K.L.:
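The following block contains the structure, expressed as structure tokens.
The structure presented is a predicted model; accordingly, all values stated were derived computationally and were not measured. Note that ligands are numbered from 1 as they come in the structure, with each ligand's atoms numbered from 1 the same way. All values below come from the heavy atoms of this structure, side chains included, with hydrogens, waters and symmetry mates left out.
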Amino acid sequence: MNRRTIVAANWKMNGNLNLVEEMSERLNQVQLDDNVDVIVCPSFLYLAAMAAKLAHQNIYLGAQNVNAQPSGAFTGEVSTSMLQDFPVKYVILGHSERRSVFQESSESVAQKVRSVLNAGLTPILCIGESAQQRTAEQTESVLAEQLQPVIDEIGIEKFNEVVIAYEPVWAIGTGKTASPEMAQATHQFIRQFLASNNTDIADKVPLLYGGSVNAQNCEALFAQPDIDGGLLGGASLKVDEFSQICSTVKGS
Ligand code: PGA
């Protein structure tokens, strides 16, 4: 199965208008391999500015979160229809920081996935285990527990329109990347788990790796058979490094 390779940037609560300008200018000049897509997810506040500046066929905009409700008295929240007023195509959901800092449960993440799909947007569903869970050999059960509520909510067929990012919590922002072999083994488990529900869908779903991906380690990680690209935090804020990663990544 030839899946496209995706390089996604999660700026988190970082960046400013200056970075929007510099990154867009640089990315507009990047020559991407034919099978590579790039997604940039700045803060909600910078989506409009980024949309106005990005002019590259295979570079898309994403948001970092959304509320599952269509509208209403939810002070401080953003709805999918608001995102639809901008050329936003992707929405990161269930990032480990949302799960741990903002207490999002897998069930509430599943509801967000459904709202995002209903709005015609593509969720980037993040899953991953903590260091403690990996040491206790609970990685596979944790990932299954994070995936199952989403399967229950939307049905496996809808995963046709979902991107999954496997991000071990212990590798996020720590400089400790999973080795390509360890990441591949976990990605293989995720694909098999999906395949136990539907093999065709499992074959098609892009599985991104995230957690301290940088210009030095991305090639070996993305070369693994079940790794279809990455979700980058720290490295995605550095104009030189991120644009270099985008231009050197080879599509499968
Ligand atoms: P990192 O973050 O690349 O800085 O580890 C990745 C993420 O949290 O998506």
Side-chain angles (χ1 to χ4, degrees), residues 5-16 19 23 27 37-44 46-47 50 59-66 88-104 106 109 112-113 116 122-134 139 142-143 146-147 162-180 182-184 186-187 190 205-222 224 227-246 248-249:
T5 299
I6 297 173
V7 182
N10 175 11
W11 282 12
K12 310 190 182 186
M13 200 173 70
N14 296 301
N16 50 31
L19 184 65
M23 189 64 85
L27 289 178
D37 289 330
V38 170
I39 305 166
V40 185
C41 308
S43 146
F44 288 128
Y46 299 130
L47 287 170
M50 196 108 200
I59 304 188
Y60 301 94
L61 265 185
Q64 299 174 17
N65 182 33
V66 80
V88 170
K89 188 167 162 23
Y90 294 88
V91 185
I92 298 174
L93 294 174
H95 189 279
S96 72
E97 289 146 19
R98 302 279 339 159
R99 291 177 191 264
S100 64
V101 184
F102 301 98
Q103 278 87 45
E104 287 190 18
S106 294
V109 171
K112 291 183 176 195
V113 170
V116 163
T122 304
I124 303 177
L125 168 65
C126 300
I127 55 174
E129 83 289 359
S130 66
Q132 212 181 10
Q133 290 163 333
R134 180 159 281 270
T139 300
V142 167
L143 298 176
Q146 292 172 340
L147 282 171
V162 173
V163 174
I164 295 178
Y166 165 60
E167 301 202 301
V169 179
W170 48 269
I172 295 178
T174 58
K176 285 189 214 158
T177 326
S179 68
M182 185 196 272
Q184 164 56 25
T186 312
H187 279 230
I190 296 167
V205 176
L207 295 185
L208 314 185
Y209 169 80
S212 298
V213 176
N214 58 34
Q216 281 74 50
N217 59 29
C218 67
E219 269 178 84
L221 284 160
F222 300 174
Q224 300 300 313
I227 301 184
D228 306 310
L231 179 56
L232 283 63
S236 76
L237 296 164
K238 300 174 186 158
V239 177
D240 287 341
E241 183 166 6
F242 188 67
S243 55
Q244 191 207 324
I245 292 171
C246 293
T248 52
V249 164

K.L.:
Establish, from distance only, whether the side-chain atoms of E129 and W170 form a donor-acceptor pair under 3.5 Å.
P.N.:
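Present: a donor and an acceptor within the cut-off.
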K.L.:
Considering distance alone, does some N or O of E97 sit under 3.5 Å from an N or O of ligand 1?
P.N.:
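No; the residue has no nitrogen or oxygen that sits under 3.5 Å from a nitrogen or oxygen of the ligand.
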K.L.:
Starting from the C-alpha separation in whole Å, work towards a yes-or-no answer on side chain to side chain contact (heavy atoms under 4.5 Å, CB included) for V66 and V116.
P.N.:
CA-CA 8 Å; V66 80; V116 163; 3.6 Å; yes
K.L.:
Report the part of A171 in contact with ligand 1, treating N, CA, C, O as backbone and CB onward as side chain, heavy atoms under 4.0 Å; options are side chain, backbone, both, neither.
P.N.:
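It is the backbone that gets close, since no side chain atom is under 4.0 Å.
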K.L.:
Does either side chain, that of D228 or that of T5, offer a donor lying less than 3.5 Å from an acceptor on the other one?
P.N.:
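Judged by distance alone, the side chains do not pair up.
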K.L.:
Is the contact between I172 and ligand 1 made by the side chain, the backbone, both, or neither, using heavy atoms and a 4.0 Å cut-off?
P.N.:
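For I172, the contact with ligand 1 is made by both the backbone and the side chain.
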K.L.:
Compare all side-chain heavy atoms of L143 with those of Q146 and state whether any distance is below 4.5 angstrom.
P.N.:
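Touching, per the 4.5 Å side-chain cut-off.
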K.L.:
Near K12, which atoms of ligand 1 are under 4.0 Å from a heavy atom of that residue?
P.N.:
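Near K12, the atoms of ligand 1 are 2 (O), 7 (C), 8 (O).
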K.L.:
Is any N or O atom of G234, backbone or side chain, closer than 3.5 Å to an N or O atom of ligand 1?
P.N.:
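The answer is yes, given that G234 and ligand 1 share an N or O pair closer than 3.5 Å.
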K.L.:
Which atoms from ligand 1 have a heavy atom of G211 less than 4.0 Å away?
P.N.:
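The atoms of ligand 1 under 4.0 Å from a heavy atom of G211 are 5 (O).
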K.L.:
So, N65 and K112: side-chain donor and acceptor under 3.5 Å apart, yes or no?
P.N.:
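Note: N65 and K112 side chains meet the donor-acceptor criterion.
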K.L.:
List ligand 1 atoms under 4.0 Å from H95, heavy atoms only on the residue side.
P.N.:
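So the atoms of ligand 1 that pass are 7 (C), 8 (O), 9 (O).
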K.L.:
Are side-chain N/O atoms of H187 and Q224 paired as donor and acceptor at under 3.5 Å?
P.N.:
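Judged by distance alone, the side chains do not pair up.
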K.L.:
Could you tell me whether a side-chain N or O of Y90 sits under 3.5 Å from a main-chain N or O of I92, the two making a donor and an acceptor?
P.N.:
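No: the side chain of Y90 does not pair with the backbone of I92.
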K.L.:
Between N217 and S212, is there a donor-acceptor pair closer than 3.5 Å when you use the side chain of the first and the backbone of the second?
P.N.:
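Checking the backbone N and O of S212 against the side chain of N217, a donor-acceptor pair under 3.5 Å is found.
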K.L.:
Give a yes/no on ligand 1: does G210 have at least one heavy atom closer than 4.0 angstrom to it?
P.N.:
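Judged by the 4.0 Å heavy-atom criterion, G210 does not count as contacting ligand 1.
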K.L.:
Return yes or no for this condition: an N or O of L232 is under 3.5 Å from an N or O of ligand 1.
P.N.:
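It does not: no N or O of L232 is found under 3.5 Å from an N or O of ligand 1.
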K.L.:
Could you tell me the residue and atom name of the protein heavy atom closest to atom 3 (O) of ligand 1, and the distance to it rounded to 0.1 Å?
P.N.:
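Of the protein heavy atoms, G233 N, 2.8 Å lies nearest.
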K.L.:
What atoms of ligand 1 come within less than 4.0 Å of a heavy atom belonging to L231?
P.N.:
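Near L231, meaning under 4.0 Å from one of its heavy atoms, ligand 1 has 6 (C), 9 (O).
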K.L.:
So is A235 in contact with ligand 1, going by heavy-atom distances below 4.0 Å?
P.N.:
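Checking ligand 1 against A235, which is what was asked, there is no heavy-atom contact under 4.0 Å.
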K.L.:
Evaluate the salt bridge (charged side-chain N to carboxylate O under 4.0 Å, His left out) criterion for residues E104 and R99: first the C-alpha distance (whole Å), next the side-chain angles of each, then the deciding distance (0.1 Å), finally the verdict.
P.N.:
CA-CA 4 Å; E104 287 190 18; R99 291 177 191 264; over 6 Å; no
K.L.:
Which of the atoms of ligand 1 are close to G173, meaning less than 4.0 Å from one of its heavy atoms?
P.N.:
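Heavy-atom distances to G173 below 4.0 Å select 1 (P), 4 (O), 5 (O).
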K.L.:
Could you list the atoms of ligand 1 found under 4.0 angstrom from a heavy atom of E167?
P.N.:
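Here the atoms of ligand 1 in question are 6 (C), 7 (C), 8 (O), 9 (O).
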